[in-house]
Colleague: 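Quick one: this structure, given as structure tokens, is what I'll be asking you about.
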Amino acid sequence: MIPGLDQGEESMGVIGGIDPRIRVVAAIVFAMAVVSCRDMAALLSGLAAALGVLVLARLPVLPTLRRMVAMDMFVVFILVMLPFTMPGDPLFEFAGFAASRQGLMRAVEIGLKANAVVLALMALVGSMSSVTLGHALYRLRLPENLVHLLLFTVRYIDVLHQEYLRLRIAMEARGFQPATTLHTMRSFGYLVGMMLVRALERSERILAAMSCRGFVGHFPLFDAFRIGWRDWVFAAATVLVCTLIVALEIA
Amino acid sequence: MSPLIQLSGIHFGYPGRPPVLQGVDLQLFAEERLCLTGANGAGKSTLFQIAVGLLRPARGRVVAFGRERLGKADFIEVKRRAGLVFQDPDDQLFCPTVIEDIAFGPLNLGKSKDEAKAIVGDVLERLRLGHLRDRITHKLSGGEKRLVTLAAVLAMEPDVLLLDEPTNALDEPTTERIVEILNALPQAMIVISHDPHFRRKIATRTLRLEHGVLDVPQPRCSHAASEGE
Amino acid sequence: MSPLIQLSGIHFGYPGRPPVLQGVDLQLFAEERLCLTGANGAGKSTLFQIAVGLLRPARGRVVAFGRERLGKADFIEVKRRAGLVFQDPDDQLFCPTVIEDIAFGPLNLGKSKDEAKAIVGDVLERLRLGHLRDRITHKLSGGEKRLVTLAAVLAMEPDVLLLDEPTNALDEPTTERIVEILNALPQAMIVISHDPHFRRKIATRTLRLEHGVLDVPQPRCSHAASEGE
Amino acid sequence: MHIVDGALSIPVVAGGAVLAAAGIGLGLKRLTIENIPATGVLSATFFVASLIHVPLGPSSVHLIMNGLAGLVLGWAAFPALFVGLLLQAVFFGFGGLLVLGVNTVNIALPAVMVHYLCRHGIGAASPNRAMLWGALGGALAIAFTTAGVAVALALTGNEFVPAAKMVFFAHIPVMAIEALLSGAAVLLARRVKPELFGALFQEKSHA
Ligand SMILES: Nc1ncnc2c1ncn2[C@@H]1O[C@H](COP(=O)(O)OP(=O)(O)OP(=O)(O)O)[C@@H](O)[C@H]1O
Ligand SMILES: Nc1ncnc2c1ncn2[C@@H]1O[C@H](COP(=O)(O)OP(=O)(O)OP(=O)(O)O)[C@@H](O)[C@H]1O
Ligand SMILES: [Mg+2]
Ligand SMILES: [Mg+2]
């Protein structure tokens with residue numbers, strides 16, 4: 001299993017007991033609230049709220065925080081550049097370039113928002129299995145074909161990842177060590193190409209299996225979602241927290 | 001008694017490849033558990049696909065459930081009544097959860113959602129797999145996947161079973177479990193297997209596919225002599 | 001004479017699974033053809049991966065080519081000198097054509113393109129596979145794939161061969177071919193095989209992996225009594 | 001190249017969401033129910049490919065392969081790559097939630113553009129020519145993606161412009177890597193299974 005993906009099947013904890021649809025909507029509402037703020041106190045309480053949800057979701061804390069902090073290198077680069085590219089009151093100088101207070105604040109603001117949203121997303125939605133996510137999105141009226149595409153993708157990620165690992169091991173056994181060389185790029189390209197070819201052939205077998213079971217153009221989706229009083233309590237709490245964050249901003 | 005499935009003089013080759021089947025004759029009668037063996041690439045899986053109409057033979061006749069089957073429409077009924085279990089369970093378990101996968105067939109046969117659910121419950125109970133009902137298919141172990149693909153096919157209440165290496169890469173307890181299940185099923189079946197010990201436990205008859213034709217196998221090993229009839 | 005490969009007290013288990021190897025001892029000497037057998041899932045393929053450092057044992061020592069091997073760097077030389085042929089050729093063949101696939105190993109060893117080509121030609125000729133040189137790997141037959149994976153490993157000029165079920169359900173002519181090739185090779189080798197007839201034709205010694213340890217096998221089959229020493 | 005939440009202005013985020021929804025809608029419209037298994041399995045393959053780290057000097061980059069995805073999937077690349085980005089955001093914390101639309105457009109629109117620019121070249125009689133077109137597609141897709149990211153940042157505020165320019169130039173080696181990999185992948189597929197490009201997702205305009 002790929003670390004991170006699908007760790008939350010039948011996850012327990014308070015969050016695990018909440019209806020998946022509510023969790024998805026809560027993540028979106030929370031993200032909107034946090035992103036609309038600029039005030040430090042509001043953003044910090046947003047991050048604190050996300051940390052609280054993380055604890056309630058019983059996800060492994062350290063790996064999740066590590067994932068939260070990890071960003072694309074180019075985002076990190078842009079954040080580091082901001083103090084120097086944004087005009088404003090000079091704060092300090094580095095290698096002859098002046099850094100502005102406004103730029104620094106902007107970078108911190110973006111960092112806080114990004115981390116709070118991602119953390120809440122992982123805790124609320126990442127703590128359900130990808131299949132449950134698919135079912136929830138279907139019930140939230142995402143197009144049916146998109147949901148089936150999502151479910152087919154998650155169904156085969158693990159199968160193909162295992163295939164990839166076996167091929168990689170076999171490559172290593174023949175002395176392959178990735179480096180920045182043409183040989184490496186060609187080998188990786190062949191690897192990806194071969195996996196695509198096999199994926200297509202597998203999909204032909206899947207289609208054959210479907211026709212053997214009388215496929216008539218529809219995939220079943222069963223779920224047992226039911227909204228109870230806990231879910232309403234959780235929804236109310238989410239609205240309350242988001243209101244508080246926005247109130248801090250306005251104040 | 002007339003055979004449930006009868007293949008005669010089947011010839012087949014994949015485009016641009018040497019021929020795979022060169023005159024296969026096969027008859028399956030009620031209550032038989034016919035085992036097929038043969039080297040990798042001999043064409044065993046290909047033969048199954050021809051029997052249910054996924055592939056069309058270059059020459060030869062397929063008679064199934066009392067009628068010769070020719071066009072695509074003819075084979076719709078054959079696919080329904082002959083439950084084919086694929087060699088790789090990952091090719092067959094394509095729905096996200098076990099209950100959805102097993103219900104896939106019955107729903108396609110026009111059952112309502114509730115009827116389908118009842119069938120799923122029933123099949124899982126018969127195979128003592130009730131605990132797997134809501135599990136996510138891609139997180140099942142290899143043995144569990146195998147058993148669920150079997151359940152998914154049984155849910156369609158087929159008259160004949162075609163099993164492609166059902167014990168491939170299974171441990172001994174799961175293999176035993178499958179032996180038990182198969183021996184208890186009323187359906188006639190054709191089972192592809194490389195494992196002589198497994199074959200000995202279930203087969204009422206064994207054939208070997210070699211050089212494109214089916215033949216009674218020559219025992220090579222003293223303990224294999226008890227195979228066949 | 002000191003062994004080429006020596007494993008002592010190897011313990012291993014995959015995370016979250018019962019232990020697979022529980023104190024395996026094994027020595028391979030020059031010119032030996034040591035056969036390993038054992039049930040499905042006994043841990044034979046796992047043992048090979050440990051021997052070349054693709055997996056790290058929980059406990060136990062790996063001594064290869066006269067030195068104990070500990071870190072990742074140590075095993076680079078082992079991987080080069082011990083040619084591992086995988087159980088499923090499809091796990092090993094990823095280049096479009098046979099010539100490219102066989103050249104992959106020599107190129108990894110730092111050979112130039114021309115040197116690699118010369119090696120490929122040479123290896124294919126030795127195995128009498130010259131006609132496959134420009135074929136598409138993906139479209140080879142099962143037996144041809146097997147022979148090409150063997151050629152790909154021989155192209156690295158290993159000192160020792162580790163072959164995982166090289167005749168797995170191949171037809172008899174191809175099996176005979178492999179017997180011939182293996183018996184003509186100068187390298188010491190460890191060969192995993194379920195087939196007693198094949199083992200009898202090539203083995204100088206046979207061991208059985210059972211309950212996580214290696215042992216001299218108890219013959220179950222009359223003709224298998226001649227196995228071992 | 002996943003932008004995070006909080007960096008972009010609200011109009012940019014909203015515009016990205018609308019464009020992404022339109023693209024996904026167009027992709028889904030061309031996707032018959034029989035094509036969903038193939039699209040899903042290929043989408044899973046691209047997801048796994050994105051886990052491959054390719055060494056770049058002392059550091060490493062992970063693959064995007066959106067050019068190749070466009071060549072293989074056509075418009076279906078939009079929903080397929082959206083699914084991948086959604087999974088990465090939810091389970092790996094990579095990217096963000098509200099910016100999912102912008103990120104989808106930045107990754108998937110170049111895929112579709114490459115599809116129209118290079119698809120005919122992939123069908124060239126000689127596999128080597130096809131490889132060159134594949135390489136071009138791989139490089140173009142990354143160039144377009146980086147340009148898309150730069151545009152999104154520039155529309156948000158002038159303070160991002162210098163960084164966006166530098167990001168573009170910093171990605172030139174990545175373009176080279178993706179070009180080489182996509183070229184090799186196309187070469188392999190052309191020799192092994194040319195149907196990978198075409199049969200399944202035949203565009204109406206090509207048919
Ligand atoms: N879709 C295909 N296109 C082209 N050739 C194929 C295809 N499927 C199978 N073959 C080839 O046809 C031959 C017979 O394949 P088949 O899968 O029927 O063998 P099998 O007896 O089931 O083998 P195994 O024991 O490995 O499952 C093999 O040589 C195989 O490579
Ligand atoms: N990557 C893996 N992760 C977890 N478990 C594994 C992995 N690879 C193998 N196993 C398990 O470890 C055990 C030993 O596997 P191994 O492949 O070594 O057996 P083997 O003796 O080679 O069997 P076979 O004869 O079927 O090839 C099996 O139970 C297998 O399911
Ligand atoms: Mg088969
Ligand atoms: Mg093995």
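Letters A, B, ... are given to chains in the order of the sequence lines, protein chains preceding strands, and every chain is numbered from 1.
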Colleague: With rounding to the nearest 0.5 Å, note down the distance linking CG in L146(A) to CG in L86(D).
Modeller: 8.5 Å
Colleague: Determine the minimum heavy-atom distance between A44(D) and L160(A), stating which atoms define it.
Modeller: CB-CD1, 3.6 Å
Colleague: Find the one option among L79(A), L121(A), V35(A), I28(A) whose heavy-atom pairs under 4.5 Å with chain D are most numerous.
Modeller: L121(A)
Colleague: Could you tell me which of M194(A), M71(A), R168(A) has the largest number of non-hydrogen atom pairs under 4.5 Å with chain D?
Modeller: M194(A)
Colleague: Inspect the surroundings of CE in M73(A) and state if more than 12 heavy atoms from other residues, nucleotides or ligands are less than 6.0 Å away.
Modeller: no
Colleague: Select, from S187(A), S130(A), A70(A), P143(A), the one with the greatest count of heavy-atom pairs under 4.5 Å involving chain D.
Modeller: S130(A)
Colleague: Identify the heavy atoms of P55(D) and T180(A) that sit nearest to each other, and give their distance.
Modeller: O-OG1, 3.2 Å
Colleague: Rounded to the nearest 0.5 Å, what separation is found between the CZ atom of F91(D) and the CZ atom of R67(A)?
Modeller: 11.0 Å
Colleague: Hey, could you give me the CE/CG distance between M32(A) and L97(D), rounded to the nearest 0.5 Å?
Modeller: 8.5 Å
Colleague: Which bit of H171(D) comes within less than 4.5 Å of chain A, counting heavy atoms only: side chain, backbone, both or neither?
Modeller: side chain
Colleague: Report yes if some heavy atom in the side chain of T39(D) is under 4.5 Å from a heavy atom in the side chain of F152(A); otherwise report no.
Modeller: no
Colleague: Would you mind checking which part of L151(A) comes under 4.5 Å of any heavy atom in chain D, side chain (CB onward), backbone (N, CA, C, O), both or neither?
Modeller: neither
Colleague: Give, as side chain, backbone, both or neither, the part of F77(A) having an atom under 4.5 angstrom from any heavy atom of chain D.
Modeller: side chain
Colleague: What's the spacing between E144(A) CD and I33(D) CD1 if we round to 0.5 Å?
Modeller: 6.5 Å
Colleague: Under 4.5 Å, counting heavy-atom pairs only, tell me which of Y156(A), Y190(A), F219(A) racks up the most with chain D.
Modeller: Y190(A)
Colleague: Against chain D, label A116(A) side chain, backbone, both or neither, depending on which of its atoms sit under 4.5 Å from a heavy atom there.
Modeller: neither
Colleague: Quick one: side chain to side chain donor-acceptor pair (under 3.5 Å) partners of R38(A), sequence neighbours excluded?
Modeller: E109(A)
Colleague: Has the side chain of T85(A) got a donor or acceptor atom that lies under 3.5 Å from a matching backbone atom of P162(D)?
Modeller: no
Colleague: Chain D heavy atoms under 4.5 Å from L137(A): which part of the residue, side chain, backbone, both or neither?
Modeller: side chain
Colleague: Going from CE on M195(A) to CD1 on I52(D), what distance comes out if it is rounded to the nearest 0.5 angstrom?
Modeller: 6.5 Å
Colleague: Does any non-hydrogen side-chain atom of L150(A) lie less than 4.5 Å from one of F82(D)?
Modeller: no
Colleague: With a 4.5 angstrom heavy-atom cut-off, could you sort out which part of F47(D) is near chain A: side chain, backbone, both or neither?
Modeller: side chain
Colleague: Side chains of F215(A) and E34(D): does their closest heavy-atom pair fall under 4.5 Å?
Modeller: yes
Colleague: Compare every heavy atom of V48(D) with every heavy atom of H161(A), then report the nearest pair and how far apart it is.
Modeller: N-CG2, 3.8 Å
Colleague: Tell me, side chain or backbone of M81(A) under 4.5 Å from chain D's heavy atoms, or both, or neither?
Modeller: side chain
Colleague: Would you list the pairs meeting side-chain hydrogen bond (donor to acceptor under 3.5 Å, both in side chains) in which at least one residue belongs to residues 5-26 of chain D, sequence neighbours left out?
Modeller: none
Colleague: Using a 4.5 angstrom heavy-atom cutoff, name the option from E201(A), R155(A), E204(A) with the most pairs to chain D.
Modeller: E201(A)
Colleague: Given that the side chain runs from C-beta out, which part of V13(D) has a heavy atom under 4.5 Å from chain A: side chain, backbone, both or neither?
Modeller: neither
Colleague: Only pairs of heavy atoms separated by less than 4.5 Å count here; which of I10(D), I36(D), V161(D) has the most with chain A?
Modeller: I36(D)
Colleague: Under 4.5 Å between any side-chain heavy atoms of V41(D) and I206(A), yes or no?
Modeller: yes
Colleague: Heavy-atom distances under 4.5 Å only: say whether V125(A) touches chain D with side chain, backbone, both or neither.
Modeller: both
Colleague: Say you draw a straight line from NZ of K193(D) to CG of L196(A); how long is it, rounded to the nearest 0.5 Å?
Modeller: 12.0 Å
Colleague: Looking only at heavy atoms, which two atoms of A199(A) and T45(D) are closest? And how far apart?
Modeller: CB-OG1, 3.3 Å
Colleague: Please look at F84(A) and chain D and tell me whether the side chain, the backbone, both or neither of the residue comes under 4.5 angstrom of a heavy atom of that chain.
Modeller: neither
Colleague: Considering only heavy atoms, which portion of R198(A) lies under 4.5 Å from any heavy atom of chain D: side chain, backbone, both, or neither?
Modeller: neither
Colleague: Is any residue of residues 18-28 of chain D within less than 4.5 Å of chain A by heavy atoms, and which ones?
Modeller: I24(D), L28(D)
Colleague: For I157(A), is it the side chain, the backbone, both or neither that has a heavy atom under 4.5 Å from a heavy atom of chain D?
Modeller: both
Colleague: Select one option (side chain, backbone, both, neither) describing which atoms of A31(A) are under 4.5 Å from chain D's heavy atoms.
Modeller: both
Colleague: What side-chain donor-acceptor pairs closer than 3.5 Å can you find for residues 172-182 of chain D, not counting sequence neighbours?
Modeller:
from: E178(D); atom 1: OE1; to: M65(D); atom 2: N; distance (Å): 2.8
from: E178(D); atom 1: OE2; to: I64(D); atom 2: N; distance (Å): 2.7
from: E178(D); atom 1: OE2; to: M65(D); atom 2: N; distance (Å): 3.3
from: S182(D); atom 1: OG; to: E178(D); atom 2: O; distance (Å): 2.7

Colleague: With a 4.5 Å cut-off on heavy-atom pairs, point out which of F94(D), F160(D), F46(D) contacts chain A the most.
Modeller: F160(D)
Colleague: Which pair of non-hydrogen atoms, one from A184(D) and one from G189(A), has the smallest distance, and what is that distance?
Modeller: CB-CA, 3.8 Å
Colleague: Work out which heavy atom in I110(A) is nearest to a heavy atom in G6(D); give both atom names and the distance.
Modeller: CG1-O, 3.5 Å
Colleague: Contact part of L98(D) toward chain A, heavy-atom cut-off under 4.5 Å: side chain, backbone, both or neither?
Modeller: side chain
Colleague: Which one of L87(D), L187(D), V192(D) has the most heavy-atom pairs closer than 4.5 Å to chain A?
Modeller: L87(D)
Colleague: Can you tell which of A185(D), S59(D), A189(D), A49(D) has the highest number of heavy-atom pairs within less than 4.5 Å of chain A?
Modeller: A185(D)
